[in-house]
Amino acid sequence: MRLVAFGAGYVGLVTGTGLSELGHDVLIVDIDPQRIARLNEGVIPIYEPGLTDLVRRNELAGRLKFSTIVEPGYEEADIFFICVGTPPDEHGAADVSAVMAVADSIATLARRDALVAVKSTVPVGTGDLVQDRLNKSAVHLEAVSNPEFLKEGDAVNDFFRPDRIILGADSERARELLRELYAPLQLSGERLVMTDRRSSELIKYASNTMLAMRVSFMNELSRLCHATGANIHSVRLGVGSDARIGKRFLYAGPGYGGSCFPKDVQALAALGKSHGIPMRMAEATHLANKEQTAFVVDLVERALGGAEGKTVALWGLAFKPETDDVREAPAIALAEALLAKGAHVVGHDPEAAVNFAKVVGDRVKLVSRDYDAVDGADALVLLTEWRSYRAPNFREIKRRMRGDLLVDARNVWRASEVLREGLRYQGIGVPQPDPSRLSTPRLPHS
Ligand SMILES: NC(=O)c1ccc[n+]([C@@H]2O[C@H](COP(=O)([O-])OP(=O)(O)OC[C@H]3O[C@@H](n4cnc5c(N)ncnc54)[C@H](O)[C@@H]3O)[C@@H](O)[C@H]2O)c1
């Protein structure tokens with residue numbers, strides 16, 4: 001098929017490239033000329049494991065192109081994908097203006113009957129508004145909802161092995177074409193959920209809010225663990241062992257971030273409000289998330305005996321590992337709060353430092369080597385559990401630090417190993433370890 005994807009961000013790049021790998025002829029269009037120029041020079045503007053090779057291979061094969069305009073020939077595409085951003089407006093509702101702008105241009109340029117698949121996350125009813133715009137075209141264009149479920153950091157894998165593909169389409173013709181498009185991803189079993197457009201749009205918000213809710217609930221429990229002496233690890237295991245609940249997505253941490261959960265939870269709350277149906281769970285999830293980040297700031301400050309004049313090193317600036325995305329990352333809120341309290345903040349991230357600097361400027365000193373961040377620091381806070389941070393040399397950390405506080409906001413380090421080097425350990429929702437009950441070292445010290 002001939003396909004056009006609007007938006008060369010995380011969703012458009014992965015979807016367009018993945019579809020070209022399946023053999024389709026794909027053009028990815030973005031209004032950002034710099035982004036397109038870089039793509040045409042072979043520079044992938046985002047860090048997403050596996051994507052660079054895939055782009056290169058399909059470009060060389062002539063199946064994948066990038067442009068700021070819909071190039072001649074592509075006005076006759078079979079399917080146009082809308083993959084542009086839907087950021088929150090001042091009330092938390094999704095701003096769909098970019099989606100509408102793309103719908104308008106498709107209506108003007110399309111030269112034959114086609115589908116317009118909305119992959120952007122949009123409020124229920126947006127597909128109807130897109131259809132109104134498309135109806136102005138001289139050809140028959142049909143809006144379908146095809147929300148995206150990729151996980152940044154594992155997006156290429158998610159494209160080729162999706163848990164499910166949600167399709168909200170009204171006509172049989174649209175359903176048939178979409179079945180054909182996604183058939184290669186269904187060889188090992190049916191993954192399509194065919195539904196109406198509005199249900200499809202709601203499924204996306206419901207999924208993200210449900211996941212965010214699990215995280216926020218565990219975060220609230222972690223605070224209760226601090227107050228009561230319970231251990232969040234045991235609570236997760238015990239609760240998650242119920243097959244109806246399951247163990248995944250039950251980790252306490254510094255609060256969720258990213259370009260999706262925070263905005264989608266708020267957008268669902270705003271959607272409910274606009275229909276007179278309060279979304280209490282979404283509202284509480286959002287609030288609990290904000291409180292969790294404040295809780296971690298407080299934890300650091302209390303353990304330091306005040307943040308004023310102290311140096312705090314942050315390991316992990318991206319909102320999660322294997323991505324360079326810092327949108328709504330807990331590291332931003334934490335750095336801002338510590339700076340406001342008079343602390344000096346130093347940061348390191350394997351991939352996200354450049355994006356982080358675009359948000360916080362030079363107020364946070366960024367270093368390119370992880371251990372350099374802890375030089376002279378009073379505390380080290382682990383915020384993103386990149387693999388390279390999971391088994392650090394605590395002796396080296398102790399040697400370089402001025403202070404002795406390690407805050408493990410992802411609960412990935414073994415407290416006994418930290419304590420053994422004369423450092424203090426503070427996890428999330430776990431009791432303070434007792435230094436007198438340290439196990440003997442597994443390896444002799446060098
Ligand atoms: N990033 C994710 O993990 C993820 C996952 C699932 C769903 N989504 C949803 O998908 C949508 C896109 O997210 P993203 O993270 O890819 O966004 P992004 O910000 O990474 O990329 C959006 C791109 O669209 C371009 N754009 C804006 N207006 C345009 C126009 N009129 N024509 C062409 N290009 C235009 C921008 O220049 C930008 O490059 C959002 O609705 C988001 O909620 C994102």
Side-chain angles (χ1 to χ4, degrees), residues 4-18 27-39 43-49 51 66-71 74 80-89 92-109 116-123 126-127 130 133 145-159 162-166 200-201 203-209 211-212 256-268 318-320 322-329 355 358:
V4 176
F6 288 87
Y10 291 86
V11 172
L13 269 181
V14 172
T15 305
T17 308
L27 174 72
I28 300 183
V29 176
D30 201 289
I31 44 167
D32 180 345
Q34 273 183 351
R35 183 164 276 238
I36 293 299
R38 288 175 71 204
L39 279 163
V43 183
I44 310 300
I46 58 171
Y47 174 75
E48 188 57 54
L51 187 61
F66 301 99
S67 180
T68 51
I69 57 159
V70 174
E71 306 262 339
Y74 288 90
F80 295 93
F81 291 91
I82 304 184
C83 312
V84 296
T86 47
D89 67 14
D95 174 354
V96 296
S97 54
V99 171
M100 293 306 159
V102 174
D104 284 337
S105 47
I106 297 171
T108 312
L109 62 88
V116 176
V118 181
K119 288 196 86 60
S120 301
T121 303
V122 293
T126 305
V130 169
R133 309 282 179 123
S145 165
N146 177 201
E148 180 55 55
F149 291 92
L150 67 79
K151 299 184 289 296
E152 285 181 23
D154 200 22
V156 171
N157 191 36
D158 284 338
F159 178 86
D163 288 338
R164 78 303 213 183
I165 299 167
I166 306 291
S200 170
E201 290 166 339
I203 286 167
K204 175 65 196 178
Y205 282 111
S207 303
N208 272 0
T209 305
L211 290 171
Y256 59 75
S259 66
C260 294
F261 283 11
K263 96 173 159 58
D264 293 351
V265 168
Q266 288 179 83
L268 183 65
F319 83 95
K320 67 173 183 177
E322 298 298 333
T323 182
D324 60 351
D325 200 342
V326 300
R327 289 178 281 187
E328 301 285 328
N355 285 340
K358 287 181 195 157

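Every value quoted in this text rests on a predicted model; they were computed, and no experiment measured them. Just so you know, residue 1 is the first one in the sequence shown, and it goes up from there. Just follow the structure's listing: the first ligand is 1, and inside any ligand the first atom is 1.
- Looking from atom 24 (O) of ligand 1 to the surrounding protein, the closest heavy atom is Gly7 CA, 3.5 Å.
- Counting only distance, with no hydrogens or angles, the side chain of Glu48 and the backbone of Asp154 share a donor-acceptor pair below 3.5 Å.
- Contacts between Leu150 and ligand 1 below 4.0 angstrom, taking non-hydrogen atoms only, involve backbone and side chain alike.
- Listed for the Ser120 side chain is a donor-acceptor partner under 3.5 Å among the backbone atoms of Val84.
- Numbered from 1 in the order shown, with element, the atoms of ligand 1 that lie under 4.0 Å from a heavy atom of Arg35 read 39 (O).
- The single protein non-hydrogen atom nearest to atom 22 (C) of ligand 1 is Gly85 N, 3.8 Å, given as residue, atom name and distance.
- Residue Pro45 comes nearest to Ala8 through the heavy atom pair CG-O, 4.5 Å, listed as atom of the first residue, atom of the second, then distance.
- For Glu152 (side chain) and Tyr10 (main-chain N/O), no donor-acceptor pair under 3.5 Å exists by modelled atom type.
- Which of Asp158, Val11, Val102 comes nearest to atom 44 (C) of ligand 1 through a heavy atom is settled by distance: it is Val11.
- Heavy atoms only, all atoms of each residue included: Phe149 and Asp158 are closest at O-OD2, 4.4 Å.
- Nearest heavy-atom pair across Asn355 and Asp324 is ND2-O, 2.7 Å.
- Looking at Lys204 next to ligand 1, no N or O pair under 3.5 Å apart turns up.
- Near Ser259, meaning under 4.0 Å from one of its heavy atoms, ligand 1 places the atoms 1 (N).
- Looking at ligand 1, you'll find an N or O of Glu152 within less than 3.5 Å of one of its N or O atoms.
- When only non-hydrogen protein atoms are considered, atom 6 (C) of ligand 1 lies nearest to Glu148 O, 3.2 Å.
- If you check which protein heavy atom lies closest to atom 21 (O) of ligand 1, you get Gly9 CA, 3.2 Å.
- Scanning the protein heavy atoms around atom 19 (O) of ligand 1, the nearest turns out to be Arg327 NH1, 3.3 Å.
- Polar contact with ligand 1: present for Thr86 (N/O pair, distance under 3.5 Å).
- Ligand 1 has Lys263 within reach: a non-hydrogen atom of the residue lies less than 4.0 Å from it.
- Qualifying ring pair (Phe, Tyr, Trp, His ring centres under 6.0 Å) partners for Tyr256, counting only residues two or more places apart in sequence or in other chains: Phe261.
- Taking distance alone, with nitrogen or oxygen atoms compared against 3.5 Å, Asp30 approaches ligand 1 more closely than that limit.
- Taking the salt bridge (Lys or Arg N to Asp or Glu O under 4.0 Å) definition, one finds that Glu148 meets it with Lys119, sequence neighbours left out.
- Nearest to atom 9 (C) of ligand 1 by heavy atom, out of Val70, Ile69, Thr323, Thr121, is Thr121.
- Shortest non-hydrogen contact noted between Ile36 and Ser67 is CD1-O, 3.5 Å.
- Between Ala155 and Leu150, the closest heavy-atom pair is CB-CD1, 3.9 Å.
- Residue Val29 approaches ligand 1 through these ligand atoms, each under 4.0 Å from one of its heavy atoms: 33 (C), 34 (N).
- Under 4.0 Å from ligand 1, heavy atoms of Ser120 appear from its side chain as well as its backbone.
- Of the polar atoms of Cys260, none of the N or O atoms is found under 3.5 Å from an N or O of ligand 1, judged by distance alone.
- From the protein, the heavy atom lying nearest to atom 11 (C) of ligand 1 is Val84 O, 3.3 Å.
- For the pair Ser259 (side chain) and Arg327 (backbone), a donor-acceptor distance under 3.5 Å is absent.
- Without hydrogens or angle criteria, Lys320 side chain to Gly258 main chain gives no donor-acceptor distance under 3.5 Å.
- Within ligand 1, counting atoms from 1 as listed, the ones closer than 4.0 Å to a heavy atom of Cys83 are 12 (C).
- Counting protein heavy atoms only, atom 28 (N) of ligand 1 is closest to Ile31 CD1, 3.4 Å.
- Across all their heavy atoms, Ile28 and Gly16 have their closest contact at CD1-CA, 3.9 Å.
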